[in-house]
Amino acid sequence: MARFDPGVTEPKWQTAWDEAGTFTATRDESRPKYYVLEMFPYPSGRIHMGHVRNYTMGDVVARYKIATGHNVLHPMGWDAFGMPAENAAMAIGGHPKDWTYGNIATMKEQMKPLGLSIDWSREFATCDPDYYGQQQALFLDFLEKGLVYRKNAVVNWDPVDMTVLANEQVENGRGWRSGALVERRELTQWFFKISDFSEELLDALDTLEDWPAKVRLMQENWIGRSRGLQFSFDRTDAGDPITVYTTRPDTLLGASFVGISPDHPIAKAMEADSTELAAFLKEARKGGTTEEAIETAEKLGYDTGIRVRHPLNPDWELPVWIANFILMDYGTGAIFGCPAHDQRDLDFCRKYDLPVIDTFFGLDDQTPVKTEAFVPPKTEKVKWINHFAGLDVATGQQAIDATIDFAEKQGWGQGVTKFRLRDWGLSRQRYWGCPIPVVHCDACGVVPEKKENLPIRLPDDVSFDKPGNPLDRHPTWRDCSCPACGAPARRETDTMDTFVDSSWYFARFTAPRAETPTDMAEADYWMNVDQYIGGIEHAILHLLYSRFFARAMHICGHLPEKSKEPFNALFTQGMVTHEIYQTRDANDRPVYHLPEDVEDGKLAATGEAVEIIPSAKMSKSKKNVVDPVNIISSYGADTARWFVLSDSPPERDVEWTAAGADAAFKHLGRVWRIAEEVAAAQDAPTGEDEALLREMHKAIRDVTLGVESFGFNAAIAKLYAFTNALAKSKAGAEAKRQATKTLAQLMSPMTPHLSEDIWALLGGEGLVAEAAWPQADEAMLVENTVTLPIQINGKRRSEITVAKDLAKEEVEKIALADDAVVKALDGGQPKKLIVVPGRIVNVVI
RNA sequence: GCGGGCGUGAUGGAAUGGUAGACAUAUCGGACUUAAAAUCCGAAGGCCUUGUGCCGUGUGGGUUCGAGUCCCACCGCCCGCACCA
């Protein structure tokens with residue numbers, strides 16, 4: 001008898017699939033296509049369990065769709081540009097290119113044994129000149145259509161290293177290498193005009209029915225449509241009026257100051273004339289550029305001395321303050337502060353001793369605001385004590401609408417719809433990215449590179465011994481001639497944000513070697529992605545940028561109309577977590593240990609007890625990692641695949657435990673043994689055949705439903721139950737053989753290698769990977785009787801078994817005759833009798 | 001600070017508003033064995049006064065004949081916040 005030996009059989013079946021070309025995708029108009037895609041990995045150097053989980057889920061979908069007659073596209077590539085390669089070059093030497101391609105080779109080597117149904121012939125890395133050259137072509141097309149432009153934007157500036165820092169390189173407001181306090185500094189940068197699509201990107205969210213509601217909600221809030229009032233405050237001096245935008249114009253009579261951003265033109269204009277103001281602005285510009293850093297920073301204000309007139313009362317003067325929590329990017333970069341109904345404004349006014357004026361109270365609480373602003377929901381009715389648009393008791397929203405009408409009628413303000421979504425800054429002052437294909441010419445200005453000169457390749461001879469962008473200090477790379485006039489010119493040395501790379505790779509997979517960004521015939525056949533799978537951390541940026549790119553690519557003729565929303569269905573999976581094992585060193589500092597070095601709560605080497613910290617995301621620094629390579633070499637890929645799918649619902653985190661992996665391995669061994677016994681048994685029909693076949697059809701129904709709805713853990717629970725039923729069954733050999741072959745098929749998306757073994761053992765035709773998915777026979781699923789629980793006052797007290805379609809009146813009679821009910825009623829009548837057919841009976845007494 | 005999500009036995013989790021704890025892990029008991037491993041069979045939310053008992057899905061309220069599920073508030077954890085990928 002053969003052993004269950006994944007080490008031997010897994011490579012065998014992988015070779016068989018390769019030789020049969022099972023997963024090579026070619027256009028075939030005769031079959032429905034299905035495009036399943038997992039978010040491609042960054043080539044960090046080693047695969048981790050999160051990858052295994054992500055790709056196994058995609059693989060289950062892909063294999064299931066093959067079995068149900070689809071022509072499946074399931075590609076894989078590498079999100080290969082980005083900072084880690086440059087950081088590695090700085091830390092350990094070498095070249096980002098060598099580091100990246102080396103990592104790709106290693107990771108591919110580690111992924112192959114998983115037996116994924118990937119069409120590797122379509123593989124590419126975003127750092128391949130062939131890929132980024134086409135990306136440059138896209139950039140030029142976008143430029144021509146007015147979808148790209150240049151403007152100033154702020155970056156994190158490290159004044160010691162004299163370099164731009166990414167947000168993640170800013171730690172507690174300081175540069176990660178120099179430790180210097182980071183400043184915000186303006187640079188001229190390239191932007192995609194995603195804001196032109198704000199409304200469309202928002203409205204189209206409603207069509208994404210197969211996306212998680214939470215992702216759509218997050219994008220809705222991110223795009224942030226708001227209707228408010230835009231109007232101007234006249235200055236008491238001769239200066240230009242200050243235009244503000246507010247979503248709460250109804251609180252205008254509670255205004256106590258006008259606030260402008262430190263980046264507002266007025267602030268900038270005054271900066272040169274006042275050393276005091278310059279010092280304040282320097283202070284206000286300290287810290288990182290993230291919204292979080294700005295909003296949690298201590299509130300700072302500076303009185304400009306400018307005074308403005310209140311639009312409703314020219315005698316009422318308000319001071320103009322510069323405040324560090326006002327963003328230049330949103331609205332007009334200027335607001336009026338209403339401290340009574342905005343906590344930030346209140347904190348600011350208390351700090352600088354500005355007045356606090358209530359404009360409305362709750363209907364039954366007229367306490368003036370002290371330290372907590374009164375901010376009821378806009379749908380709640382409030383009582384106005386300071387009103388001007390004719391309302392006394394109204395909701396906030398009614399008051400806002402009335403105020404906008406009032407201001408428009410009087411002609412001093414306008415209702416305006418604004419979006420929070422900002423244009424997408426794509427410039428990065430870094431080497432390892434896609435060069436922006438433009439040239440700066442003294443005579444012609446900014447000139448696009450000619451398409452025939454693409455790709456603009458990154459130079460190989462660069463060094464990383466200094467901070468900053470090596471392209472900037474390269475002796476010759478910048479030198480070029482102007483594509484327009486031929487005069488000596490300079491290449492743009494900024495490269496593109498790596499989000500650009502990942503915003504169209506899904507389209508490139510449909511024709512990865514095309515000489516244009518896409519091939520319309522291929523794109524038209526394969527697009528859209530039918531099922532996209534990835535982490536929730538990409539809920540906003542990556543997915544929103546991709547939606548923008550798909551629209552822009554359509555405008556430029558690179559994608560069909562139907563691909564404006566490129567991902568038909570989205571699934572966001574959870575992380576893989578593990579317990580953390582910790583001891584303390586002589587200085588009481590934590591020391592972490594790998595799970596493989598710990599046995600029974602003690603260090604295997606020394607016997608020292610470890611502290612066990614509850615599960616957290618696997619991370620190298622906490623050493624709570626399990627290397628998939630080790631798991632596959634000791635248990636095989638099927639065990640790893642089975643376990644990551646079995647223990648948790650896929651959208652939630654899964655905790656990796658050694659015991660769980662061991663149990664998964666044991667279970668697969670058990671299935672293998674059952675198959676061997678069944679294969680060896682002599683046929684002799686028994687009276688138990690039908691019962692087993694009924695279980696089989698129920699399993700087909702439940703597993704199919706589980707796989708289709710991403711209930712992989714539920715599908716696996718059914719497979720366990722079906723395996724138990726099969727093992728205990730007294731059915732004849734032929735029925736058992738049929739049940740076992742079906743079990744192998746139902747398991748094949750999760751454990752493809754073992755399933756091939758069993759399929760072959762039981763004489764299945766061809767590969768199970770290519771066999772048609774089993775169909776549940778409705779007739780075998782019908783149950784004739786049903787057990788109904790009987791509740792008395794909502795608590796389960798008894799149960800009855802009745803015919804499945806027994807009339808409601810009959811069920812009521814039987815229920816009322818039940819001992820427990822008779823006793824509880826004690827001769828009386830029930831107040832109410834609820835019968836939910838097929839579900840439950842509730843007697844209310 | 002802002003936006004989004006999650007919270008059920010010792011553990012991972014199951015449950016279209018309708019019998020809470022399916023399935024699995026760990027545990028305990030039994031069979032097989034000289035013994036162990038492997039395998040197979042079985043038990044099991046908590047509590048007590050062992051009953052037709054009480055309690056029980058982060059905490060506190062609410063809606064409902066009925067709430068893990070819906071609503072409100074709070075607590076804890078996770079994701080995102082535009083230059084990490």
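Order of the sequence lines sets the chain letters (A, B, ...), proteins ahead of strands, with each chain counted from 1.
Ring planes of Y545(A) and W424(A): parallel class, angle under 30° (limits at 30 and 60°). The aromatic rings of H667(A) and W642(A) sit parallel, their planes meeting at an angle under 30°, below the 60° perpendicular limit. Classification of the F571(A)-F710(A) ring pair by plane angle, with boundaries at 30° and 60°, yields parallel. Using a 30° and 60° split on the angle between ring planes, F499(A) and H542(A) fall in the parallel class, below 30°.
Nucleotide G17(B) is shown with an anti base, its glycosidic torsion being more than 90° from 0.
At a cut-off of 3.5 angstrom, counting only N and O atoms as typed in the model, there is no donor on one side facing an acceptor on the other between the side-chain of E295(A) and the base of C81(B). In terms of polar N and O atoms assigned as donor or acceptor, the side chain of E291(A) never comes within less than 3.5 Å of the base of C81(B) in a complementary pairing. Between the side chain of E537(A) and the base of C84(B) there is no donor-acceptor pair of N/O atoms closer than 3.5 Å. No hydrogens or angles were tested; on distance alone, nothing pairs the side chain of R797(A) with the base of U19(B) as donor and acceptor under 3.5 Å.
Between the side chain of W432(A) and the backbone N or O of A80(A), at least one donor-acceptor pair lies under 3.5 Å.
Taking atom P on both nucleotides, G13(B) is separated from C28(B) by 24 Å, rounded to a whole Å. When the C1' atom is used for both C2(B) and G46(B), the distance is 41 Å, rounded to whole Å. Rounded to the nearest Å, the gap between the P atom of G66(B) and that of A73(B) is 24 Å.
Phosphate proximity of A37(B) to K666(A): absent, as no side-chain N or O sits under 4.0 Å from OP1 or OP2. Residue S646(A) has no polar side-chain atom (N or O) positioned under 4.0 Å from OP1 or OP2 of A24(B). An OP1 or OP2 oxygen of A82(B) is reached within less than 4.0 angstrom by no side-chain nitrogen or oxygen of R422(A). Regarding contacts with the backbone of U19(B), every side-chain N or O of N842(A) stays at 4.0 angstrom or more from both OP1 and OP2. Close to G12(B), at under 4.0 Å from its OP1 or OP2, lies no side-chain N or O of N713(A). Applying the 4.0 Å criterion to OP1 and OP2 of G7(B), one finds that R652(A) has a side-chain N or O inside that range.
Where K718(A) and R670(A) meet RNA chain B, the nucleotide closest to each residue was compared, and K718(A) sits on the side nearer the 5' end.
Within the 4.0 angstrom heavy-atom criterion, no nucleotide atom of any strand lies near A539(A). At the heavy-atom level, G425(A) lies under 4.0 Å from the strands shown only through sugar-phosphate atoms.
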